[in-house]
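Following: one structure in structure tokens, then a few remarks.
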2 protein chains.
Amino acid sequence: MPIKIGELAKRTESTVETIRYYEKEGLLPEPSRSEGNYCLYGEKHIERLRFIRHCRTLDMALGEVRTLLRFRDAPDEDCGDVNILLDEHIRAVEIRVEELMQLKQHLMTLRQKCESTAPTSSCGILRALSDRSCHA
Amino acid sequence: MPIKIGELAKRTESTVETIRYYEKEGLLPEPSRSEGNYCLYGEKHIERLRFIRHCRTLDMALGEVRTLLRFRDAPDEDCGDVNILLDEHIRAVEIRVEELMQLKQHLMTLRQKCESTAPTSSCGILRALSDRSCHA
DNA sequence: CATGAACCCTCTAGTGGCTTCAGAGTCAAG
DNA sequence: CTTGACTCTGAAGCCACTAGAGGGTTCATG
């Protein structure tokens with residue numbers, strides 16, 4: 001039943017190196033070992049690692065994941081703080097989207113400054129990027 | 001006329017440390033020195049650094065900036081590749097925005113799984129994050 | 001002329017979340 | 001008995017800075 005690290009990686013969409021990194025960080029409990037000193041993992045590890053990877057695909061920092069894991073490990077506590085963490089994370093993503101959309105506008109304005117393939121000396125893009133006043 | 005590093009930082013919305021980092025990376029040419037071994041910068045440095053900072057506010061990686069600087073330093077070359085670089089960068093930003101908006105959807109779906117402040121053991125959010133099939 | 005504050009110098013290490021590498025060990029199949 | 005796939009440990013590299021230690025310079029003030 002116990003599986004080795006490569007199998008664990010396959011089952012959790014992670015890599016062997018990432019797993020070892022999480023272990024070093026204390027996010028995963030130490031596995032037991034085989035006679036030949038191979039790490040052996042069980043269902044608990046699979047679940048926990050899937051939880052972590054799932055959080056990471058949702059772009060949460062490992063610190064946030066660590067917090068969520070603490071809640072997961074304390075089933076009697078109030079989960080209101082989980083909601084707060086999530087709300088804050090959603091807000092952070094929103095802000096980043098807004099920033100990036102502004103950025104894209106700037107880039108597109110910049111892009112229009114040079115449609116042709118002229119020598120770089122007359123390239124409006126390079127000129128605009130050197131300019132102090134015109135921020136894109 | 002020549003200015004010291006603190007003044008350069010002020011005029012280019014950067015910091016002293018960032019400037020020294022760019023120098024080490026070869027993005028800025030070595031400045032001349034005063035008698036007391038202070039770095040002395042001129043108009044060329046100001047322009048070049050502003051160019052770099054401007055690119056960075058547009059979220060370009062230093063590798064991209066390096067490429068653009070090479071074009072800037074070769075005024076007779078064709079600037080078509082500048083356009084290509086910019087188009088690719090715009091596309092990358094677009095993709096990231098799409099990813100983040102998907103992400104936000106996932107997060108909001110997840111958030112709805114727990115409106116109350118129950119014990120974590122019955123928190124729908126934590127449950128969903130552990131679940132393999134339900135990706136948010 | 002001495003003192004102190006504000007600036008500057010070099011060099012090193014730390015951040016996050018991995019990834020890559022070197023050098024060795026383990027195990028099953030042919 | 002060798003090959004090849006897997007595993008182990010530990011250290012270094014990635015990006016774009018940021019922070020800190022431990023000193024030197026410059027200039028105004030007492």
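Excluded from the calculations below are hydrogen atoms, water molecules and symmetry mates; all remaining heavy atoms, backbone and side chain alike, are included. Numbered from 1 within each chain, the chains take letters A, B, ... in sequence-line order.
Taking the 5' to 3' direction, DNA chain D first and last meets chain A under 4.0 angstrom from a heavy atom at dC6(D) to dT9(D).
With respect to the salt-bridge test (charged N to carboxylate O, under 4.0 angstrom), the residues Glu94(B) and Arg91(B) qualify.
Residue Arg66(A) is out of contact with every strand shown, counting any heavy-atom pair closer than 4.0 Å.
Atom CD in Glu30(B) sits roughly 12 Å away from atom P in dC9(C) (whole-Å rounding). dC11(C) atom C1' lies 15 Å from atom CD of Glu23(B), rounded to whole Å. Distance CZ (Arg20(B)) to C1' (dC8(C)): 7 Å, rounded to an integer number of Å. Rounded to whole Å, atom C1' of dC18(C) lies 17 Å from atom CD of Glu13(A). Whole-Å rounding puts the Ile19(B) CD1 to dC9(C) C1' distance at 14 Å.
Judged by distance alone, with hydrogens and angles left aside, the side-chain atoms of Glu88(B) form no donor-acceptor pair with the main-chain N or O of Leu85(B) at under 3.5 Å. Between the side chain of Arg50(A) and the backbone N or O of Arg11(A), at least one donor-acceptor pair lies under 3.5 Å. The closest donor-acceptor contact from the side chain of His89(A) to the backbone of Leu107(B) lies at 3.5 Å or more, if one exists at all.
Between Ala9(B) and Val16(B), the shortest heavy-atom distance links the atoms CB-N, 3.9 Å.
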TODO: Quick one, give me the B/S/- string for nucleotides 19-26 of chain C, reading 5' to 3', where B means a protein heavy atom under 4.0 Å from the base and S means that only happens at the primed atoms, P, OP1 or OP2.
DONE: BB----BB
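A heavy-atom distance below 4.5 Å is found between the side chains of Thr18(A) and Arg53(A). Side-chain contact between Leu68(B) and Met60(B): present, with at least one pair of heavy atoms (C-beta onward) separated by less than 4.5 Å. With a 4.5 Å cut-off on side-chain heavy atoms, Cys79(B) and Ile125(A) do not count as touching.
No more than 12 heavy atoms of other residues, nucleotides or ligands shown are found within 6.0 angstrom of CD on Gln102(A).
Distances shorter than 4.0 Å separate some side-chain N or O of Arg56(A) from OP1 or OP2 on dC18(C).
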TODO: Evaluate salt bridge (charged side-chain N to carboxylate O under 4.0 Å, His left out) for Arg20(B) paired with Glu17(B), printing each intermediate quantity in order.
DONE: CA-CA 5 Å; Arg20(B) 292 211 251 257; Glu17(B) 290 76 21; 5.3 Å; no
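Following chains of ILVMFWY side-chain contacts shorter than 4.5 Å, one can reach Leu103(B) starting from Ile90(A), so the two form part of one hydrophobic cluster.
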Review item, side-chain donor-acceptor pairs of residues 40-47 of chain A, under 3.5 Å, at least two apart:
residue  : atom : partner  : partner atom : Å
Tyr41(A) : OH   : Glu23(A) : OE2          : 2.6
His45(A) : ND1  : Gly42(A) : N            : 3.1

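Within residues 3-10 of chain B, the residues approaching DNA chain C are Lys4(B), Ile5(B), Gly6(B), by heavy-atom distance under 4.0 Å.
Not counting sequence neighbours, the partners of Glu25(A) by the side-chain contact (heavy atoms from CB on, under 4.5 Å) test are Tyr21(A), Leu27(A), Arg66(A).
Each end of the helix from dC1(C)-dG30(D) to dG30(C)-dC1(D) gets its own axis, taken as the rotation carrying the C1' atoms of four end pairs onto the next four within a five-pair window, and the two axes meet at 30° to the nearest 10 degrees.
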